[in-house]
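Below: the structure, in structure tokens.
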Amino acid sequence: MGKEECRALLEALNKVAACYRHLVVTIGGTSDSQNLREELKKTRKKAQDLAVANRNKLTVFLKDKTISKDDRVEYERLWVIFTTCMEILEVDMRKALEMGQEFQLNAPKRNLIQTGMSGGTTGVAARAMSAQNMKYEADSNIDVVDLKDLENEINQVGEMMMEMEMKVNVPNWTVEAKQDPGAELQSTISVGASSVGMISLNEQNKSVCDITRLLAGIIFTAVLIIAVVLAVLVIQLS
Amino acid sequence: MERVILAMQDPNVGIKMRNQRLLITVIPHAMTGNDIVEWLIQRFSITEEEALHLGNLIVKYGYIYPLKDAKTLVLKADESPYRFQVMKSPTISNLITAIYLAKKNIRKQGDLIDYERDAYNLLHKRINHTWDFVVMQAREQLRASKQRRKADRIVLDCQEQAYWLVNRPPPGAFDVLERGPERGNCLNSRVQMRGPSVAYIFNNETFAFSGSFFKHCEQYQVHDPIMSGCLPSNPWITDDTMYWTMNADLVATPTKMRVERWAFSFMELIRDPLGHNEFVHFLEKEFSAENLSFWEACEDVRYGEYSKIPEKLENIYQQFLVPGASKWVNIDSKTMDRTLQGIKAPHRYVMDDAQMHIYFLMKKDSYPRYLKSDLYKNMLAKAIVPQETKKSVFPFMRRQRHSSPSPALTAHSGEDDGKSKSAGSPGGAVAATITQVEE
């Protein structure tokens with residue numbers, strides 16, 4: 001069904017946007033590093049791919065004149081959500097550019113603000129990429145090299161949004177939200193990767209993680225059995 | 001201020017960092033209020049009172065935030081801990097505020113402070129069309145932050161809270177970023193250029209400004225008569241006033257450049273008299289011409305004579321705001337109530353909210369439709385590109401692209417043909433006047 005696919009794609013984009021925002025917040029603090037810059041780049045690329053996919057799918061449905069009125073209302077709602085997500089992404093990308101230019105990691109006088117954060121951001125990036133492990137393969141001055149790409153991409157996003165605004169005519173005031181104030185309190189927050197966004201994206205192989213889990217399980221049961229056996233022996237001897 | 005902050009963090013001469021202990025987790029990079037005050041005294045050789053005041057200012061502007069009693073931004077010269085904040089430019093829009101409040105709502109299980117609750121409800125009404133996104137994004141951001149260590153999560157929460165305290169202080173608190181009675185509330189905030197007068201570490205205001213300035217220059221480069229020469233010819237050089245007559249205020253067939261400029265921005269369209277009239281024609285077809293008249297009347301109040309304000313406001317009220325008026329404008333009820341209240345105590349800025357509402361309505365709705373309409377397209381087709389005035393070619397003169405050489409181009413051509421250029425330009429002017437006389 002078209003609507004489910006669109007919703008799934010939109011949720012995936014939303015997830016990546018949230019992770020990107022989180023990564024941008026970390027720039028300039030003490031947990032900044034080359035890895036972080038690489039994570040930013042990868043997350044950004046993923047966000048852009050998802051954005052293009054979303055836009056293509058939604059414009060196909062919005063241009064279709066034969067869909068019912070209810071469907072149309074739903075697609076317009078999704079379109080408004082999509083445009084707001086892109087606005088947030090653009091703002092975050094600009095922030096990333098500014099901060100990246102201020103805090104260059106290879107400069108002789110490293111002036112990272114001592115924010116008190118000491119952990120890494122690999123978990124967030126892995127969540128964004130829907131991967132189990134992050135591989136870092138870029139060279140050591142990616143923070144400077146990436147800034148040019150970032151600038152170009154910001155311009156691209158800006159142009160895309162202008163184009164979208166001009167071509168698709170969805171007035172904001174006709175769209176009504178489905179959720180009331182306080183709706184976010186209803187559903188519980190679940191930890192862990194959401195499987196919804198994986199429909200049209202490649203999955204990384206999870207076999208490595210499964211094996212370690214299996215191994216841990218086996219060792220645990222073995223220790224348990226040994227403990228039970230020892231207890232029985234002790235009871236028998238006494 | 002930023003140099004002071006940087007110096008504070010310098011591992012050699014800066015403040016000694018301690019660790020903050022919270023039950024099990026240990027978070028580095030904390031410092032006590034006492035440390036800060038003593039460091040300031042020692043570094044700048046000032047009295048304790050002055051150091052306390054300076055430290056207070058640093059905290060109020062948000063460079064440092066307190067870890068205990070985090071709701072008040074005050075520096076206390078005792079053992080209470082503080083930490084540094086990464087300063088970001090406050091491009092805060094309604095959307096971002098809404099997401100923050102939704103997150104807080106989830107985290108506190110619905111137990112928001114009263115002014116936050118009011119702001120939350122207000123935002124729900126204002127950006128209702130994208131409220132689903134707010135909820136989705138708030139949930140996802142919380143899920144993303146769960147991927148980090150507990151210590152980092154605590155730091156991030158404190159940071160966020162401190163950031164919002166500085167940039168959106170609770171009502172009644174001292175607002176460091178206070179602005180005058182101007183339009184501070186822009187609903188459309190793609191590139192917002194707000195920023196306090198204190199220079200930030202990152203000069204982000206100049207970045208945002210230079211980005212939009214660059215775009216403006218690129219867009220207007222072809223239209224600028226100095227940068228790209230003007231057709232038919234620059235009247236100051238060739239004494240030919242065709243340029244002025246063709247671009248007069250209300251000419252029947254405008255030039256193509258002028259009509260293209262109307263597509264650049266809404267202000268461009270309404271400031272040009274011909275464009276303004278065209279737009280009024282269009283609005284009359286759409287039965288929304290009263291919007292533009294209302295906006296102009298409000299501008300008149302804003303910039304006009306002080307003594308005439310009450311009578312102008314009365315006119316506006318009778319013409320546009322009374323229900324059943326001849327030119328009734330469509331404003332939402334909240335703004336209408338506020339405006340009607342304001343009219344009872346008239347001053348220059350009373351109609352600001354309503355004016356802004358109508359302005360954005362026109363800009364977002366009527367303006368794009370005008371640009372796609374037949375009226376505009378016909379105008380574009382009708383518009384003419386003026387011919388360059390011809391010049392006779394002397395054997396020693398370099399042929400120019402336009403008969404009015406732009407100084408930017410002549411400056412670029414370099415020193416090797418400087419001599420021929422300087423001989424050429426007065427010669428060119430002479431030649432043009434000769435052709436003029438001959439015609």
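These values consider heavy atoms only, across backbone and side chains, with no hydrogens, waters or symmetry-generated copies. Chain identifiers are assigned alphabetically (A, B, ...) following the order of the sequence lines, protein sequences preceding nucleic acid strands; residue numbering begins at 1 within each chain.
Considering CZ of Arg21(A) and CD of Glu140(B), their distance stands at 14.0 Å, rounded to 0.5 Å. To the nearest 0.5 angstrom, Ile88(A) atom CD1 is 5.0 Å from Ile96(B) atom CD1. Arg143(B) contributes atom CZ, which lies 10.5 Å from atom SG of Cys19(A) (distance to the nearest 0.5 angstrom).
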Apply side chain to side chain contact (heavy atoms under 4.5 Å, CB included) to residues Thr84(A) and Gln137(B) and explain how you reach the verdict. CA-CA 10 Å; Thr84(A) 353; Gln137(B) 182 70 206; over 6 Å; no
Any chance you could lay out the side chain to side chain contact (heavy atoms under 4.5 Å, CB included) test for His22(A) and Arg148(B), step after step, and finish with the verdict? CA-CA 10 Å; His22(A) 194 92; Arg148(B) 303 202 60 179; 3.0 Å; yes
Kindly indicate, with the supporting measurements, whether the criterion side chain to side chain contact (heavy atoms under 4.5 Å, CB included) is fulfilled by Thr130(B) and Arg77(A). CA-CA 8 Å; Thr130(B) 176; Arg77(A) 188 183 75 95; over 6 Å; no
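The contact between Ile99(B) and chain A is made entirely by side chain atoms (from C-beta outward), counting heavy-atom distances below 4.5 Å. Using a 4.5 Å cut-off between heavy atoms, Leu23(A) makes no contact with chain B at all.
Qualifying ring-ring contact (aromatic ring centres under 6.0 Å, His included) partners for Phe266(B), counting only residues two or more places apart in sequence or in other chains: Phe279(B), Tyr359(B), Tyr367(B). Looking at residues two or more places apart in sequence or on another chain, you find a ring-ring contact (aromatic ring centres under 6.0 Å, His included) between Phe82(A) and Trp79(A).
Side-chain contact between Asn14(A) and Gln141(B) is absent, with no heavy-atom pair separated by less than 4.5 Å. Within the 4.5 Å cutoff, no side-chain heavy atoms of Val80(A) are placed close to those of Phe133(B).
Heavy atoms from other residues, nucleotides or ligands lying under 6.0 Å from NZ of Lys334(B) number 12 at most. A 6.0 Å sphere centred on NZ of Lys57(A) holds no more than 12 heavy atoms belonging to other residues, nucleotides or ligands.
Side-chain atoms of Lys15(A) do not come within 3.5 Å of backbone N or O of Ala144(B) as any donor-acceptor pair.
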